[in-house]
Amino acid sequence: MKISILNFAVTLLTLSLCASSPATCQHITSTYVSFGATNETLREALKKLGDQSGYIIFYPSEQIDKQSAVNLPFKERTMAATLTLLLVNTELDYKQQGDKVIVLFTPQKPKVTESGKTVISGNVADEDGTAMTGVIIKQKGKPGNNSVTNQQGAYHVEVADLNVVLQFSHIGFRTKEVSAKTLRSDSKIVMESIAGALDEVQVTAYGSTTRRLNTGDQTTISAKEIEKYPSGNALMALQGTVPGLMITQASGTPGGTFSAKIRGPNSLNAHSDPFYVVDGIPYTGGGFASQRGNSVSSDATTAYDALSLINPLDIESINILKDADATAIYGSRAANGVILITTKRGKPGKPKMDLNIFSGISRVGRIPDVLNTREYLEMRREAKRNDNAQILPSDYDLNGTWDENSYVNFPELLLGGTSYTTNSQIGVSGGSNDLQYLISANYRNTSNVQKIAGGNDKTTSLHFNINTANPDSRFSMNFSGGYSYNKNTIPPIDLMFAAVTLAPNAPELFTPTGALNFENGTFMNPLLFAKKLANASIYNLSSSMVIGYKLLSGLNFQATLGYNKQSLDEFFGTPYAAIPPDNIAIGTKPSSQFSKDDRMYWSIEPLLIYNRNIAKGYLSATVGWSLQRQDQDARQLQATGYTSDLLLENIAAGTTIQPATPVIINEYKYNAIFGRLNYNWSNKYILSLSGRYDGSSKFGENKRFHFFPATAAAWLLSSEDFIKNLPFVSFAKLRASYGITGNDQFSYSYMTNYGLSFGKPYQGIPGVTPDNLPNQNLSWETVAKANLGLELKFLKNRIGIESNYFLSNTSDLMIQNFLSSTTGFASIIQNKDAKLQNRGFDVSLNSQNITSASFNWSTTVLFTKQTNELKKYPGLPATWQMLLGQVVDALPVYRYAGINQQTGLYQFYNADGGITNSPLIPNDLAEVVNTNPDYFGSLSNTFSYKGFSLSFMFRFVKQKGESVKGILSGNVYAGMPNYNIPRDMLDRWQKPGEMATYQKFSTSVAAVFQQSYIINSDANYGDASYIRLQNASLAYQFPARISDKLYLKNLKIYANGENIATITGYRVLDPENQSLQRIGPLRTVVFGIQASL
Amino acid sequence: MKLRTAIIPAIISFLLLCISPACEKALEISPSKVALNDDNVYTTDGGAQSVVSGIYMDMASSGKIYNGNLGISLLLGLSADELINPYPDNVWNTAAYTNGYTAGIAPAFWSGLYHQIFVCNLAIKGISNSEQITAPVKKQLLAELKFIRAFGYFYAVNLYGDVPLTLTEDYEFNNTIARSPEQQVYQQIIADLSEAQANLADDRYVDASGATVPDRVRPNKQVVTALLARVYLYMQDWKNAEEQASALIANPNYMLEPDLDRVFLRTSKEAIWQFQPVSDLYSNTVDAIFLVVNNINFAANGVLPVSTHLIQSFEAGDLRATNWIGRYQTTITPLQSYNYAFKYKVAALFSPAPATEYPVVFRLAEQYLIRAEARANQNDFNGAAQDLYALRKRAGLGQVSTTDKNTLLAAIERERRNELFCEWGHRWFDLKRTGRLNAVMTTITPGKGGSWGSYKQFFPVPADDVAINPNIGQTIGY
């Protein structure tokens, strides 16, 4: 059976391909024209249309001149649609003959059936000329005689009386009433849209809906929004634009990782990452197992982001599903929300080529201000004075070894560089009604902002899509695929810390020959790792095919098949230049690190979809089966003992090759059956029920399957008369959902896994050792989610408010249950009766402040407030009981007691309230800090005037984070040799009796210890709120008269900016990544040009 | 049309098939193949051999309970009167040295021993139930596992007194288990050792597949005999202790190395069981790194010098005091000199050369001492003196007096001290089992900066373990 479908598909594909060859059939239904008319005579309009399209239009003059003036909004439509619209409600029709179009006068006589009824038939289209399916035609006063337009928009009504009035209605369109008499046979009806955005298609789990009819809580970000962001990672476009979604950037390095969290963490031990789905196929986001992180004092996961392999310009829409209704259909893995990415598709029309090129610069957003040489040396001497200490032979900065008059502004030298980004995209698309295609290619090159280290990050990607359907739409196929290749040659180094702490009179970084300077062994050159050779490649192959087949009227079969593969292939070489001469002298040889991380994903999901009108309602039922498999294979090797730099990339040239951790071999299988019922009663009441029976290979035999139900309901208040009559309310919807989702995102623990023992094999036999106690009863963490939403639109949709309240409870949390050591282990992972709650609300307000022909101004405000609470945790040791009732990421800390006025050192309160120099863990952890953001949101404004458009978005976060005082005290040892400090640290204790922010400068280890206690105290946390001008975009669309002259269909120039300005009380560092080890988000401005041929 | 009529029923029945309860199979998920696990490790000889290899590697590795700075030899050397601790800020060293263990700062022997015993129990079950493992491999591995379990319990019962007797891998059972009396633990040790003794290779050393090899790194029948002799001695079953020790002393495969410097070599004929070094960092023995004081590693590596008590216990002319004790003088002021244990001589890190010294677990000298003590207690004073003389002769010393039992037993204790110092906690266990620990530590402990209590002969169980499983109960006194 499978084979026959495939054959069928292949045959169809071939047929459609040859049928669309332009020589044989450039049809007016697939020829696109950009056309409009304002109060013109039909004759003028047709003449203009003829000139523009290249078709010769013949028309009967007499009849033409009888017609009233025509009006048609300027828009790109097919030739056929344009003609249809021009000739609507006339007795004129048209037909194509080769390159000619003939307009005919067709005064038609009504057809009459045998029973004496008059047959009226015709087509219904929207303003764009697209055929409208599902338009309901009622005969006024004659209930029961309803009919509906078919897939091609055609209707067929039999009326007994020609005086009857026909009502054409469709959700989102103004109901049209036309008397049967005036409707001659073949008459066309054009429906006028009333709601705009409300009826934009929203891609959802296994299907699509509209914002109007959607019962779940979801947010859609369209290509238009994404285009405003110069970033290579589409997640950037979600920062601040999606209520309830918190995105943070760990590092400003190109290609770096973002963390995304939808409505808070739902788990303690399993992952809280959202589930990504690209064109229906699951996709793994996040970092790769790499060795890059090993050397940049950060974890490896911040090094890359798999989502940067999806070119943002290839994305049609990103849909974020937040509540149970929207996510339950993805069942087990949807507990943390779902991010659906849909790539662009071809549209019918003559072939067109789109070009988009932008280029720009990025700079580090915030460069700390540090002491100059004079201040630095003063600080060092003050430290010596404080300690009564001598200047030692190792105090190179003070004892004359280094020049006391030299000064280098290291923050500026190391971080002050500019990164250049160039992005070029070219796409070709078009097609007929039967076959549409799109192919686009993109090249992006970003250079390292740390100029001194060099390297760049290049991504080349290819995306393609073919859609086809046979003429009666019985069979359809959509195939999307892409391949991207990323090459990253940026050395594994982040110079942030070196920039801040390097003594301003440190020796030259380079010798006159360009080699690193070690100043005869007195200077540890911070650029050592910058000399490492880097060559990392990431590949992404993605493919997705959706095959649809109409089995019966109302019954469709659909199958989604896909395969994704992502691979990292990373090389770091340590040549002689990256080894200090002292080490070379004792025999250290060049070495190499190799990492590989392959992830493969395939998925098959057949579906049956049944749609039917039942009573006054419309029923849609879906049943499907999902089969998925995911493999990961990651390994890392280290080769040492190279005799020369030349062969470093050749692993065989090393003398010793050793595995490095981690080696990951993972296989994950996943099966499920699922179903969904959606019933829409008169566009008033919508009820949706869904259920899913999921199996995951992560659990023991008896616990693999679990049922996840969800239900949702929506009440379109605005369809009720009592609201309809309120003139200022144009739309109102109340919706509620409740459902259970699950989480299996953790490692296999239902059986004992044996890991490789560490060390040399015993008698040649490698040892393995059990890593865990098995728990056959381990099962899904379940998250019960409830959501209540209200959507309102006022004043003809000019003002819209949407608000959601949500509450989710995770139970059966997987936690480490502590065991007595007599079991062989200290703990076992168990689903315990622990409870975690997330709750909050978000509001989005959208207002079209001014709408006029030439000037438009709209404003969007988003606000999210959410929190979580650890409600219950059986077996929580007594010392940690204080974490109950707190947020999940709450931290127990000491209380800071200020600076000891005599010694000038930090001091703390102990548990009894006394003052101590050395607080103890856990005894003195008396306070709890909460770093969960209080609230966050954004304010966006968009202006357009004629061809100009300007938009900017301010994003705000109110939160507590790591304080500057804490970060500096924990990492910078003011007074120690070769430790420069940010100017902020000048606010220090100097003499007895003084109060200050920072403790005294000192060269003693005791002072360093004292400083490091801060990390576990409440002084390590403070306000890290900020308001950021996250995005600004200015564009100018040239008028058609100019672009036409250039033989372009569309010409636009634009400037986009990201992270342009920040208002914050947070000093020295960036409040978003709060790090002294990693550079913060970059400030980027790009200029671009877009054109279509 | 025909195609349609064929496809529809096909697809519908296909989907119904998946949904129907009879067809749960269609949703069946095959077992994960994430490396080795319960499902596959015991399905081949190789898998089972790897599990046992893993146990030996764990036993031989640094940072665990048998080797290095956290190993029994060094920590019990500190607790007794053998080693001194120059690092007062090191919590673990200091607790051991000042006899200052508490429930909060309890040694890690407890969890280390029970983890090892757990792996033995898990592997015994897996290997016994396996139908695929070949009979000879099964027999050898099961015997080895029983031996290792007994080895673990021997230390557990001597460090903690009454201990829980876990003989299953079932964590629910093991998590609520109570202590068993010492006597019962010893019975289990004897049972396991007897079984191992009957089933292991006799008079030859083998590898995992039973082939004869030169290295003495895997237990055979003689290794089991060595432990059995010691167990009987500790149980004061003098007759059996003598019998087991005699079997080894009479065995021509073993001889006292006449040259003291050859006793701890890989090729030592005195060795009954050695560990194969498994660490890349510590190429030979881990203990040497923490015992041998030299210019490079002093202080940096936490090296522990030996005490003056030990130095003073040597008779004049004892070659062991010159060959097995090293002296080191610092070159920076204030000049200080240290004595250190120099049985293992190679203290090299990352040495690419093949190891010449292997950590010795059992050696023949101990068997002479076991037999001497067993004979003395059975009033065979001459026999006892002869056994002592075998060792004393090698150390350049003469015969001891054989007139009365107490003098003889004291001579044996001193001989054990001087022969077995810094090895496997012998000094501590000897004092404890002969009832002399209180007397000795009452005078020694204050000198180390601590205070002694008789309850300290047994170690405390980590507080968390007692909190989670109150049935264990804390060691009396803590």
Side-chain angles (χ1 to χ4, degrees), chain A residues 1 4-5 8 474 549 551-552 555 557 606 608 623-625 658 665-673 693 695-698 701 704-705 747-748 750-770 773-774 818-826 828 875 877, chain B residues 3-4 6-8 10-12 14-15 18-19 27 29-39 41 46-47 49-51 53-58 60-61 110-111 114-115 117-119 122 164 166 169 171 174-175 177 207-208 213 215 217-218 276-280 462 464-465 468-469 472:
Chain A
M1 185 200 65
S4 66
I5 286 189
F8 187 50
R474 186 163 292 287
Y549 189 76
L551 300 167
L552 296 167
L555 182 66
F557 169 77
L608 275 180
V623 185
W625 182 23
Q658 280 183 311
I665 301 165
N666 247 325
E667 180 182 300
Y668 172 43
K669 285 184 178 175
Y670 190 87
N671 283 349
I673 49 173
Y693 190 56
S696 161
S697 63
K698 297 217 169 154
E701 234 161 278
R704 282 186 184 151
F705 290 93
S747 58
Y748 287 86
Y750 72 81
M751 54 187 155
T752 309
N753 295 306
Y754 288 75
L756 210 56
S757 301
F758 194 71
K760 294 176 189 152
Y762 208 81
Q763 289 188 312
I765 299 206
V768 294
T769 187
L773 281 171
F818 297 102
L819 296 177
S820 167
S821 306
T822 41
T823 60
F825 284 91
I828 184 170
Chain B
L3 184 66
R4 254 178 83 193
I7 285 178
I8 297 163
I11 291 176
I12 291 174
F14 178 60
L15 278 169
C18 311
I19 297 161
L27 284 172
I29 285 163
S30 71
S32 145
K33 296 191 194 74
V34 190
L36 289 173
N37 57 47
D38 286 343
D39 290 346
V41 74
Q49 287 162 345
S50 281
V51 174
S53 245
I55 298 175
Y56 293 133
M57 287 172 71
D58 198 54
S61 65
W110 182 265
S111 56
Y114 276 102
H115 180 74
I117 291 162
F118 163 79
V119 182
L122 184 70
T166 62
E169 83 299 338
Y171 74 87
N174 292 343
N175 197 36
I177 198 167
D207 64 9
V213 291
D215 279 341
V217 297
R218 202 174 188 96
Q276 173 206 306
V278 294
S279 162
D280 289 319
D464 286 350
D465 283 286
I468 294 164
N469 178 12
I472 294 174

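Values below: all heavy atoms of this structure, side chains included; hydrogens, waters and symmetry mates excluded. Chain A is the first sequence line, chain B the second, and so forth, proteins listed ahead of strands; every chain is numbered from 1.
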Does any heavy atom of chain A fall under 4.5 Å from the side chain of B:Ile472, the backbone, both, or neither of them?
-> side chain
Interface moiety of A:Pro774 toward chain B, non-hydrogen atoms closer than 4.5 Å = both
Hey, do the aromatic rings of A:Tyr762 and B:Tyr56 have their centres closer than 6.0 Å?
-> yes
Decide whether A:Ser820 and B:Asn175 meet the rule of one side-chain donor and one side-chain acceptor closer than 3.5 Å.
-> no
Would you please test B:Ser279 and A:Phe758 for side-chain contact (heavy atoms from CB on, under 4.5 Å) and show each step?
-> CA-CA 8 Å; B:Ser279 162; A:Phe758 194 71; over 6 Å; no
Ignoring hydrogens and angles, tell me if any N or O in the side chain of A:Ser757 forms a donor-acceptor pair with the backbone of A:Gly767 under 3.5 Å.
-> yes
Between B:Val119, B:Ile117, B:Ile468, which shows the greatest number of heavy-atom pairs under 4.5 Å with chain A?
-> B:Ile468
Select one option (side chain, backbone, both, neither) describing which atoms of B:Asp464 are under 4.5 Å from chain A's heavy atoms.
-> neither
Highest number of heavy-atom pairs under 4.5 Å with chain B among A:Ile765, A:Leu756, A:Thr769 belongs to A:Ile765
Taking all heavy atoms of A:Gln763 and all of B:Val213, pick out the closest pair and write down the distance.
-> NE2-CG2, 3.8 Å
Look at B:Ile55, B:Asp215, B:Asp207 and state which one has the largest set of heavy-atom pairs under 4.5 Å with chain A.
-> B:Asp207
Determine, step by step, whether B:Val51 and B:Val41 satisfy the side-chain contact (heavy atoms from CB on, under 4.5 Å) criterion, reporting the C-alpha distance in whole Å, the side-chain angles of both residues, the deciding distance to 0.1 Å, and the verdict.
-> CA-CA 8 Å; B:Val51 174; B:Val41 74; 3.6 Å; yes
Using non-hydrogen atoms and a 4.5 Å limit, figure out which bit of B:Thr166 sits close to chain A: side chain, backbone, both or neither.
-> side chain
Against chain B, label A:Leu819 side chain, backbone, both or neither, depending on which of its atoms sit under 4.5 Å from a heavy atom there.
-> both
Would you check if the distance from the ring center of B:Phe118 to the ring center of A:Phe825 is below 6.0 Å?
-> yes
Does any heavy atom of chain A fall under 4.5 Å from the side chain of B:Pro462, the backbone, both, or neither of them?
-> neither
